[in-house]
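My questions all concern the structure below.
In what follows, chains carry the letters A, B, and so on, assigned in the order in which the sequence lines appear, proteins first and then strands, with residues in each chain numbered from 1. Keep in mind that this is a model prediction, so the values were computed, not measured.
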Amino acid sequence: MRLSRCLIPTLKETPAEAQIASHRLMLRAGLVRQTAAGIYAWLPAGLRVLNNIARIVREEQDAIGAQELLMPTIQPAELWRESGRYDGYGKEMLRIRDRHDRELLYGPTNEEMITDIFRQSVRSYRELPQSVYHIQWKFRDEVRPRFGVMRGREFLMKDAYSFDLDHPGAVRSYRQMMLAYMRTFQRLGLKAIPMQAETGPIGGDLSHEFIILAPTGESQVFYDAAFEAIDYSGGSFDHASDSDLARFTALMTTHYAATDEKHDAAAWQRVPEVDRREGRGIEVGHIFYFGTKYSASMGFAVAGPDGAPLHPEMGSYGIGVSRLVGGIIEASHDAQGIIWPDSVAPFRAVILNLKPGDAGCDRVCDELYGRLGTGVLYDDRADRAGVKFADADLMGHPWQIIVGPRGAAAGRVELKRRASGERADLTLDEALARLG
RNA sequence: CGGGGCGUGGCGCAGCCUGGUUAGCGCGCGUGUUUUGGGUACACGAGGCCGCCGGUUCGAAUCCGGCCGCCCCGACCA
């Protein structure tokens, strides 16, 4: 895309309301604009990031056999009365009335709705196990939204639900999902650590939070650095293999990791001092096993092998997709701006035409842009070089292809890697090859 | 929900305490010149219901009351 024709409104100065790095940078790099407390519009570059994250999340969900569907944002209050959560959820739930005075709500999560869908359609044990997920906007009327998209009221969440016939099956689903989560975070360039968690209002007795370290995190966390060395990719663990899942679970549970509520000072002392990682943590995912809490309260049963009704065992699994945008920036930025991991960058590279109007620069840039396509951004603005360098660093494109008059005349460009600052003087073909 | 703060061109702010002509400054934006590898310089120009409602006053951005919005600190959450 040509930057001169893009709605990417970068800011030189930081808006007063933005306190933390990711919020400041998201506003300055033109990714989002706030429309109300905790509610944001996603501008083109921001949406590209959001979609890239969603794509990776989706691929990893699909890889463990979860099926994508899409449930509505608006739900009838009736469903929540059945589970008993309508009154219990409190003021965080945004309640709405339609013209017929029927009570509705903007969904903060979807356990009730998915249970309702399953009970309408699934009758036999032969149809289970199944897992489904969707990526949908949620609304939680937080008392105090803050930190930009990290703690918004409206947010994009991937939520998945598993239905199994028995406890061992549910645990297997839980472990597969945990593996999918670790793979997802690894591909996003994040060191996310699973930690034992409280189950909160969702209920159940097995739960993990996935936490990344960031100075602006909301709780104190502790973990063993051994986690950072683990490779979760398909070559290391097969999600369909019970022995691989057991080995994976053992790794996840033997190394120390805890939030401050569950912190065990004695166990912490047994972690070698050099491996102790401690700091503020941001929760980017949360998974729960809660057995028959919803299938029983909402009357979802399938016929078992003996014909007797059986309440399926359930789990639910969330990833804060929009929060991850902020989380990744918290984990990857410097004084100049964002440093996008290649996997989520809105554009894999930017072409900087340092002198639009110069025949050589224009020719080289046009050729590069033509060959690289719309996955790159072409800074064709009639601005000074300094403005373009500053904006490119701010926006955090993984690669910068710098085209100046001297180089262009010689058929050469400079390729700069945002993360390392490394620069190389190359021919066009060499630069294109380097970009892959 | 307790505590604190702030609403003045797109952004960052000053002015308010001690009411008084056309409401300022920096950045950004437009035009021209300049500059041409790290947010250049000069000139000219456009752009403001001073959050909203009411009150006090000859006169309100400024004083008083109410309301709305936003931010920060704490208790709660993907």
*Determine the Euclidean distance between corresponding P atoms of B:rG39 and B:rU8; express it in Å to zero decimal places.*
30 Å
*asked:* At 4.0 Å (heavy atoms only), tell me whether A:V284 reaches a base, stays on the sugar-phosphate, or touches nothing.
replied: sugar-phosphate
_Checking base pairs now: Watson-Crick or wobble, both atom distances under 3.5 Å. What partners B:rG9?_
none
*Under the criterion side-chain hydrogen bond (donor to acceptor under 3.5 Å, both in side chains), which of A:E82, A:E112, A:R85 is the partner of A:Y294?*
A:R85
*Among B:rA78, B:rC11, B:rG37, which nucleotide sits nearest the side chain of A:E13?*
B:rC11
*Base, sugar-phosphate alone, or nothing: which one does A:K158 contact when heavy atoms must sit under 4.0 Å apart?*
nothing
_Whole-Å P distance, B:rU31 and B:rG47_ = 16 Å
*Once you round it to whole Å, what is the distance between P of B:rU36 and CG of A:L354?*
14 Å
*If the P atom of B:rC71 is compared with that of B:rG12, how far apart are they to the nearest Å?*
13 Å
*Quick one: ring pair (Phe, Tyr, Trp, His ring centres under 6.0 Å) pairs with a partner in residues 351-382 of chain A, sequence neighbours left out?*
A:Y369-A:Y378
_If I take atom CG in residue A:D383 and atom P in nucleotide B:rC29, what distance separates them, rounded to the nearest angstrom?_
7 Å
*Whole angstrom value for the distance that separates C1' of B:rC70 from CZ of A:R151*: 17 Å
*asked:* Quick check on contacts: within residues 48-61 of chain A, what sits under 4.0 Å from RNA chain B by heavy-atom distance?
replied: none
*asked:* Using OP1 and OP2 only, check whether a side-chain N or O of A:K355 sits under 4.0 Å from B:rG37.
replied: no
*Given that both distances must come in under 3.5 Å, which nucleotide forms a Watson-Crick or G-U wobble pair with B:rA43?*
B:rU31
_Using modelled atom types and a 3.5 Å cut-off, is there a donor and acceptor pairing between side-chain atoms of A:R119 and backbone atoms of A:M298?_
yes
*Let me know, please, whether A:L156 or A:R28 comes out on the 5' side of the other along RNA chain B by nearest nucleotide.*
A:R28
*Gap in Å between the two C1' atoms, one belonging to B:rG24 and one to B:rG9, rounded*: 12 Å
_Interatomic distance, A:R384 CZ vs B:rU34 P [rounded to whole Å]_ = 14 Å
_Consider side-chain hydrogen bond (donor to acceptor under 3.5 Å, both in side chains). Of A:E68, A:H134, A:Q61, which one does A:K158 pass it with?_
A:Q61
_Just N and O in the side chain of A:R146: are any of them under 4.0 Å from OP1 or OP2 of B:rC77?_
no
*Span that lies between the P atom of B:rU33 and that of B:rC53, in whole angstrom*: 45 Å
*asked:* Heavy-atom nearest nucleotide on RNA chain B for A:Q336 versus A:G285: which residue maps closer to 5'?
replied: A:Q336
*Quick one: label A:A36 by what it contacts on the DNA or RNA (base, sugar-phosphate, nothing), any heavy atom closer than 4.0 Å.*
sugar-phosphate
_I need the residues from residues 389-401 of chain A with at least one non-hydrogen atom less than 4.0 Å from RNA chain B; give them sorted by number, or say none._
A:F389, A:A390, A:D391, A:D393
_Between B:rA23 and B:rA14 - C1' atom distance, rounded Å_ = 11 Å
*Could you list all the salt bridge (charged side-chain N to carboxylate O under 4.0 Å, His left out) pairs where at least one residue sits in residues 342-355 of chain A, not counting sequence neighbours?*
A:D342-A:R417
*To the nearest Å, give me how far apart CZ (A:R33) and P (B:rG10) are.*
13 Å
*Any donor-acceptor pair under 3.5 Å between the side chain of A:R144 and the base of B:rG3?*
no
*Distance under 6.0 Å and angle within 45° of ring axis: A:R95 vs A:Y86*: yes
*asked:* Please determine whether a side-chain nitrogen or oxygen atom of A:K12 lies at a distance below 4.0 Å from atom OP1 or OP2 of B:rG28.
replied: yes
*Quote, to the nearest angstrom, the P distance that separates B:rU62 from B:rU18.*
14 Å
_Could you tell me how far apart A:E92 (CD) and B:rA78 (P) are, to the nearest whole angstrom?_
9 Å
*Does any pair with a residue in residues 182-193 of chain A pass side-chain hydrogen bond (donor to acceptor under 3.5 Å, both in side chains), and if so which ones, sequence neighbours excluded?*
A:E59-A:R187, A:E60-A:R187, A:Q186-A:D231
*Rounded to the Å, how far apart are A:R140 CZ and B:rC77 P?*
10 Å
*Just how far, in rounded Å, is C1' of B:rG10 from CG of A:L43?*
14 Å
_Between B:rA60 and B:rG54, how many Å separate the two P atoms, rounded to a whole number?_
13 Å
*asked:* So that I know where these two stand, are A:F118 and A:F163 an aromatic pair - ring centroids less than 6.0 Å apart?
replied: yes
*Verify the contact: side-chain N or O of A:Q34 to OP1 or OP2 of B:rC71, cut-off strictly under 4.0 Å; return yes or no.*
yes
_The side chain of A:A16 is closest to which nucleotide in this list: B:rC73, B:rC1, B:rG12?_
B:rG12
*Flag yes if more than 12 heavy atoms outside A:R81 fall under 6.0 Å of its CZ atom; otherwise flag no.*
yes
_Any base atoms under 4.0 Å from A:G326, or only sugar-phosphate, or nothing? Heavy atoms, all strands._
nothing
*Applying salt bridge (charged side-chain N to carboxylate O under 4.0 Å, His left out), which residue pairs with at least one partner in residues 142-155 of chain A are found, sequence neighbours left out?*
A:D141-A:R153, A:E142-A:R151, A:R151-A:E218
*If B:rG19 has a Watson-Crick or G-U wobble mate with both distances under 3.5 Å, name it; if not, just say none.*
none
*Determine whether the aromatic ring centres of A:F185 and A:Y232 lie less than 6.0 Å apart.*
no
*When we call it a touch if two heavy atoms are under 4.0 Å apart, what does A:R423 touch: a base, just sugar-phosphate, or nothing?*
base
*Please say which of A:Y181, A:F237, A:Y174 ends up in a ring-ring contact (aromatic ring centres under 6.0 Å, His included) with A:F248.*
A:F237
